[in-house]
Amino acid sequence: MALRKLKFSKDENGAVTIDWVVITAGIIGLIIAIVPLVEEPVGTVSGRTQTALNTADATTTFGS
């Protein structure tokens, strides 16, 4: 019985999967933490861009 337990404790199958799960969870956690910080400035810039495009004059002077 002791031999079986020792063999199991040295078995590293699945360790890489656990590493990737932990890394992925950390990345998702960082994204969830960062999105609220970036959301307002991005909205401000896109609003200003929309305003500038709406007020832009797109007439051309080709051939005049």
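The shown structure was predicted, so the numbers you read here are calculated from the model rather than taken from an experiment.
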Student: Between CG of Leu53 and CZ of Arg48, what distance do you get to the nearest 0.5 Å?
Tutor: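 It comes to 14.5 Å.
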Student: Any chance you could pull the hydrophobic cluster mates of Ile31, using side-chain heavy atoms under 4.5 angstrom and chaining through other members?
Tutor: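 Via sub-4.5 Å side-chain contacts, Ile31 links to Ile23, Ile27, Val35.
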Student: So does Ala52 get a backbone contact from the side chain of Thr55, meaning a donor-acceptor N/O pair under 3.5 Å?
Tutor: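 Flag set: sc Thr55 to bb Ala52 pair under 3.5 Å.
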